[in-house]
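Everything on this sheet refers to the single structure shown next.
In what follows, chains carry the letters A, B, and so on, assigned in the order in which the sequence lines appear, proteins first and then strands, with residues in each chain numbered from 1.
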There are 2 protein chains.
Amino acid sequence: MDAFTALSDPTRRRIVELLAGGERSAGELGASFDISAPAISQHLKVLKEARLVQVRAEAQRRIYALDAAGLDELEGWVDRIRGFWNERLDVLERRLAAHPETKKRRRP
Amino acid sequence: MDAFTALSDPTRRRIVELLAGGERSAGELGASFDISAPAISQHLKVLKEARLVQVRAEAQRRIYALDAAGLDELEGWVDRIRGFWNERLDVLERRLAAHPETKKRRRP
DNA sequence: TCCGTATTTAAGTCCGGAGCTAATTAAGCG
DNA sequence: CGCTTAATTAGCTCCGGACTTAAATACGGA
């Protein structure tokens with residue numbers, strides 16, 4: 001399960017936002033929503049598989065915290081897209097500066 | 001439609017990756033996939049609503065290009081999460097430095 | 001050991017989204 | 001005008017994912 005899919009759900013995004021403010025138990029997280037505990041548990045499982053959160057056991061409680069790995073993957077993808085894009089624009093700019101009269105050719 | 005939901009689909013992610021290499025027509029984009037033209041059109045509609053792509057008409061062709069707005073939204077969210085998180089860790093670090101005997105809490 | 005609390009697993013329902021084919025719109029060209 | 005090309009809209013099916021309730025697991029305390 002990739003980070004994008006995991007974060008496509010608003011509830012899961014909210015969970016990540018809550019965890020950005022500090023670690024919490026599954027029960028504490030669930031208190032912020034109107035859905036059942038099992039539903040929360042399943043969301044946490046998805047986030048865990050996407051490496052967006054980590055779990056640690058403390059007695060019966062499961063304490064959840066953010067995991068950087070998932071966020072890194074996300075940010076990496078966005079940066080890669082931006083990188084290719086800007087690189088392409090730079091080439092275009094240089095070409096326009098060097099040969100202002102060049103006839104434009106549409107990409108195939 | 002938000003950027004996360006739009007990018008939860010692998011086909012749509014791929015489309016964005018292709019457009020990072022330069023603008024293309026709907027038909028050119030579709031040639032990279034094994035799905036029907038209407039399916040591609042639907043995907044492009046979703047990406048457009050998420051402001052991840054822009055369209056421009058050229059005769060019968062619709063030329064698609066990346067739109068920074070969607071990527072900005074995405075990056076903004078990630079940065080906000082990281083911001084809150086790091087800020088919290090900084091506070092924790094300062095507290096530990098000032099009071100080494102403070103009851104410890106696991107680092108995320 | 002038995003009970004209460006915290007959480008997950010199991011099993012089932014329901015709805016939205018991704019795909020298809022067929023029909024529609026739009027533009028260039030003989 | 002018709003014909004072709006390019007793309008979107010309409011209408012349908014189907015599967016996965018987000019819920020639910022009920023049952024199972026795990027732990028601490030009286």
### Query
Do D2(B) and R13(A) meet the salt-bridge criterion of a basic N to acidic O distance under 4.0 Å?
yes

### Nucleotide interval of DNA chain D bounded by contacts with chain A (heavy-atom cut-off, under 4.0 Å)
dA18(D) to dG28(D)

## Note on the structure
Result for side-chain contact (heavy atoms from CB on, under 4.5 Å) between R12(A) and one of L52(A), L47(A), V53(A) points to L47(A)

### Task
Please list, chain by chain and in numerical order, all residues satisfying ring-ring contact (aromatic ring centres under 6.0 Å, His included) with Y64(B), sequence neighbours excluded.
none

### Query
Of R56(A), Q60(A), R62(A), which is the lone residue that meets side chain to side chain donor-acceptor pair (under 3.5 Å) with E58(A)?
R56(A)

### Whole-Å distance separating the CD1 atom of I35(B) from the P atom of dT21(C)
12 Å

### Query
Is a donor on one side and an acceptor on the other found under 3.5 Å between the side chain of S41(B) and the backbone of P38(B)?
no

### Query
Could E75(A) and R82(B) be called an ion pair, given the rule that one side-chain N must be under 4.0 Å from one carboxylate O?
yes

### Message
I'd like to compare against my own output: the B/S/- annotation of nucleotides 2-12 of chain C with a strict under-4.0 Å heavy-atom distance to protein.
### Response
--B-SSBB---

### Query
Ignoring hydrogens and geometry, is there a side-chain-to-backbone donor-acceptor pair from R51(B) to G70(B) under 3.5 Å?
no

### Task
I would like to know whether V78(A) and I81(A) meet side-chain contact (heavy atoms from CB on, under 4.5 Å); could you show each step before the answer?
CA-CA 5 Å; V78(A) 174; I81(A) 295 295; 5.8 Å; no

